[in-house]
Amino acid sequence: MKLKSPEPFWLVKDGLKHSYPSLREDIETEILIVGGGITGSLLAHQMIKDGYKTVLIDRREIGNGSTSATTSMLQYEIDVPLFELSEMIGKEGAEKSYWACYNSIDDLQKIAKEVKSDCGFKKKQSLYFAALKKDVPDLKKEFEARKAAKFPVKWLSAEEISKKFKIDNTFGGILSEQGGSIDAFCLAHDILHYNYKKGLQVFDKTDIIKFDYKKNGVTATTDYGNTIKAKKVIFCNGFESTEIIKDDFVDLLSTYAIVGEQNEKKHTELNNLLVWNTAEPYIYMRTTDDKRILIGGEDEEFVNAHKRDSLLHEKEKKLVKKLDKYLPENDFRTDFVWAGTFGETKDGLPYIGEHPDFPSAYFVLGFGGNGITFSVIGMEMTSDFLKGKKHELTKYFRFRR
């Protein structure tokens, strides 16, 4: 499955940071990680830290799947609002899920520092504003739910948003103190390179065509006939997991993003802010670490890569129009435009844990706007699973829930 269209900003900006060989022999290991994006790199980091002999593979070059197309906004807010999630899975589970995402942003900052990454990690506030007047009652209900759960939030009127951030045509919104942004492609490479020097084996351009699952281990066979025998396999292959899991557990969507030319003088108010709104589908905005405006959205059902990419020009025009609406004084000129595929679950939560059809396997599949923060949570959960420990989020993130 082709997961992105040509010319995502991060891939062009960073180039080929590190190169790894394809697998050319039969090997054995304790842990096999499938997927060399940000999720796989984080899980590899945890496995090496826990002392496991670990192998990571990817069918492409490292980071060249969804990780190179992500907009890398780090939010604790899940795509399903807290008050709605509380109605779906219970108040306790909803608040624990939100708090886990909240704490994962700080955990990710520590990892970026530990591996000395050049990913431009930056803590930011997050503004969630009402796109329409009719959205205000539910947004205020969400504000009260977060305030009751002790999240650091403030309600801003439309006038306050306009004055503070120069964002017009809103109907008020929630300002959260916790958020962040990174270059996920860069961070994934930096994490893997750090752990490669500690003994992690990395093979890209290595496609697995067959898995033999048994209770005491897994054997993976590549398209060139080489085998990898592992005690456990961890799938960090995001939306491509739909190729092997036959459950109807996620809907695939296409999202579009544009990045403008560098302009350090305009909209400095946005440099420490993440922005998204209540529209369906919602739009999201941030600045990059080199002072460009990024805006994305215009999501629609994923049909195929050709159909998705054929809409790039049309979607670009719509995103620029929305940018003009909310930032009327902008001097935006598109420098990059791309599309990516992402998944949406019924409750906005990830799938992390075992699946009954795959012995000796774990899945860490973060979907929606929280894929990166869910992956950080997946590090801790998988570490616990391998040690035979229980985790409080397992029942909320399990398959067939």
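Keep in mind that the numbers below use all heavy atoms, side chains included, and drop hydrogens, waters and symmetry copies. Keep in mind the model is a prediction, meaning the values are calculated, not measured.
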Colleague: Measure up the F211 and F235 rings against each other and bin them: parallel (under 30°), tilted (30 to 60°), perpendicular (over 60°).
Modeller: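 The arrangement is perpendicular - the two ring planes meet at more than 60°.
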Colleague: Distance check, rounded to the nearest 0.5 Å: L386 atom CG versus K231 atom NZ?
Modeller: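 Those atoms lie 11.0 Å apart.
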Colleague: Would you say that E300 contacts L311 through its side chain, given a criterion of any heavy-atom pair below 4.5 Å between the two side chains?
Modeller: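 Sidechains of L311 and E300: in contact.
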Colleague: Test F363 against every option in F358, Y351, F397 by the side chain to side chain contact (heavy atoms under 4.5 Å, CB included) rule and name the one that passes.
Modeller: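 That would be F358; it is the only one of F358, Y351, F397 passing the side chain to side chain contact (heavy atoms under 4.5 Å, CB included) with F363.
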Colleague: Taking atom types as modelled and ignoring hydrogens, do the side chains of E77 and S176 form a donor-acceptor contact shorter than 3.5 angstrom?
Modeller: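 There is such a pair between these side chains.
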Colleague: Nearest 0.5 Å, what's the CG-CD1 distance between N277 and I283?
Modeller: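 Going from CG on N277 over to CD1 on I283, the span is 4.5 Å.
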Colleague: Side-chain contact test, heavy atoms from C-beta onward, threshold under 4.5 Å: evaluate it for R146 versus Y128 and give yes or no.
Modeller: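 Yes - at least one pair of side-chain heavy atoms lies under 4.5 Å apart.
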Colleague: Could you check whether any side-chain N or O of K315 sits under 3.5 Å from a backbone N or O of E298, counting only pairs where one atom can act as donor and the other as acceptor?
Modeller: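 Yes.
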Colleague: Could you check whether any side-chain N or O of T288 sits under 3.5 Å from a backbone N or O of R292, counting only pairs where one atom can act as donor and the other as acceptor?
Modeller: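 Such a contact is found between T288 side chain and R292 backbone.
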Colleague: side-chain hydrogen bond (donor to acceptor under 3.5 Å, both in side chains) with K346: which residues, sequence neighbours excluded?
Modeller: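 K346 satisfies side-chain hydrogen bond (donor to acceptor under 3.5 Å, both in side chains) with no residue once adjacent residues are dropped.
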Colleague: For E144, enumerate each residue passing the side-chain hydrogen bond (donor to acceptor under 3.5 Å, both in side chains) test, keeping only those at least two apart in sequence or located in another chain.
Modeller: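 So E144 forms no side-chain hydrogen bond (donor to acceptor under 3.5 Å, both in side chains) with any residue.
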Colleague: Please examine the side chains of D289 and K13, heavy atoms only from C-beta on, and report whether any two atoms are closer than 4.5 Å.
Modeller: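 Sidechains of D289 and K13: in contact.
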Colleague: Quick one, Y326 with F129, criterion ring-ring contact (aromatic ring centres under 6.0 Å, His included). Give me CA distance, side-chain angles, the key distance, then yes/no.
Modeller: CA-CA 11 Å; Y326 296 120; F129 72 81; 5.0 Å; yes
Colleague: Would you call the rings of Y102 and F151 parallel, tilted or perpendicular, where under 30° means parallel and over 60° means perpendicular?
Modeller: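 Rings of Y102 and F151: tilted, as their planes differ by 30° to 60°.
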Colleague: Give me the one residue out of D107, I111, V364 that meets side chain to side chain contact (heavy atoms under 4.5 Å, CB included) with M379.
Modeller: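 Result: among D107, I111, V364, I111 is the only option passing the side chain to side chain contact (heavy atoms under 4.5 Å, CB included) with M379.
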Colleague: Would you list the pairs meeting ring pair (Phe, Tyr, Trp, His ring centres under 6.0 Å) in which at least one residue belongs to residues 104-127, sequence neighbours left out?
Modeller: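 Every candidate ring pair (Phe, Tyr, Trp, His ring centres under 6.0 Å) pair involving residues 104-127 fails, so no pair, neighbours aside, qualifies.
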Colleague: Holding to salt bridge (Lys or Arg N to Asp or Glu O under 4.0 Å), I want the full list of residues that pass it with R401, two or more places apart in sequence or in another chain.
Modeller: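 With sequence neighbours excluded, R401 shows a salt bridge (Lys or Arg N to Asp or Glu O under 4.0 Å) to D347, given in chain and number order.
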Colleague: Donor-acceptor check, side chain of S162 to backbone of K166, threshold 3.5 angstrom: yes or no?
Modeller: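 The answer is no, because no donor-acceptor pair under 3.5 Å joins these two groups.
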Colleague: Taking NZ, NE, NH1 and NH2 as the nitrogens, is one of them in E28 or K53 under 4.0 Å from a carboxylate oxygen of the other?
Modeller: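 Not counted as a salt bridge, because no side-chain N and carboxylate O are separated by less than 4.0 Å.
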Colleague: If you measure only the distance, is there a donor-acceptor pair under 3.5 Å linking the side chains of Q178 and K123?
Modeller: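 Short answer, yes.
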Colleague: Testing the basics here: between G37 and T67, what is the closest heavy-atom pair and its distance to 0.1 Å?
Modeller: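 Here G37 and T67 meet closest at CA-OG1, 3.3 Å.
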Colleague: Mind listing the closest non-hydrogen atom pair of T54 and Y52 along with its distance?
Modeller: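 The pair with the smallest heavy-atom distance is OG1-O, 3.0 Å.
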Colleague: What residues form a ring-ring contact (aromatic ring centres under 6.0 Å, His included) with Y256, not counting sequence neighbours?
Modeller: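 So Y256 forms no ring-ring contact (aromatic ring centres under 6.0 Å, His included) with any residue.
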Colleague: With rounding to the nearest 0.5 Å, note down the distance linking NZ in K147 to NZ in K140.
Modeller: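 The NZ atom of K140 is 10.5 Å from NZ of K147, to the nearest 0.5 Å.
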Colleague: Sequence neighbours excluded, which residues qualify as ring-ring contact (aromatic ring centres under 6.0 Å, His included) partners of H193?
Modeller: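 By the ring-ring contact (aromatic ring centres under 6.0 Å, His included) rule, H193 matches H18.
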Colleague: Do the side chain of D135 and the main chain of L132 share a donor and acceptor less than 3.5 angstrom apart?
Modeller: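 Yes, the answer is positive, given that a donor and an acceptor are paired below the 3.5 Å cut-off.
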Colleague: Ion pair present between E114 and K49, side-chain N to carboxylate O less than 4.0 angstrom?
Modeller: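 Salt bridge flag = yes for K49 with E114.
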Colleague: Is it true that K205 and D223 make a salt bridge, defined as a side-chain N closer than 4.0 Å to a carboxylate O?
Modeller: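 Looking at D223 together with K205, the answer is no, because their closest N to O distance does not fall below 4.0 Å.
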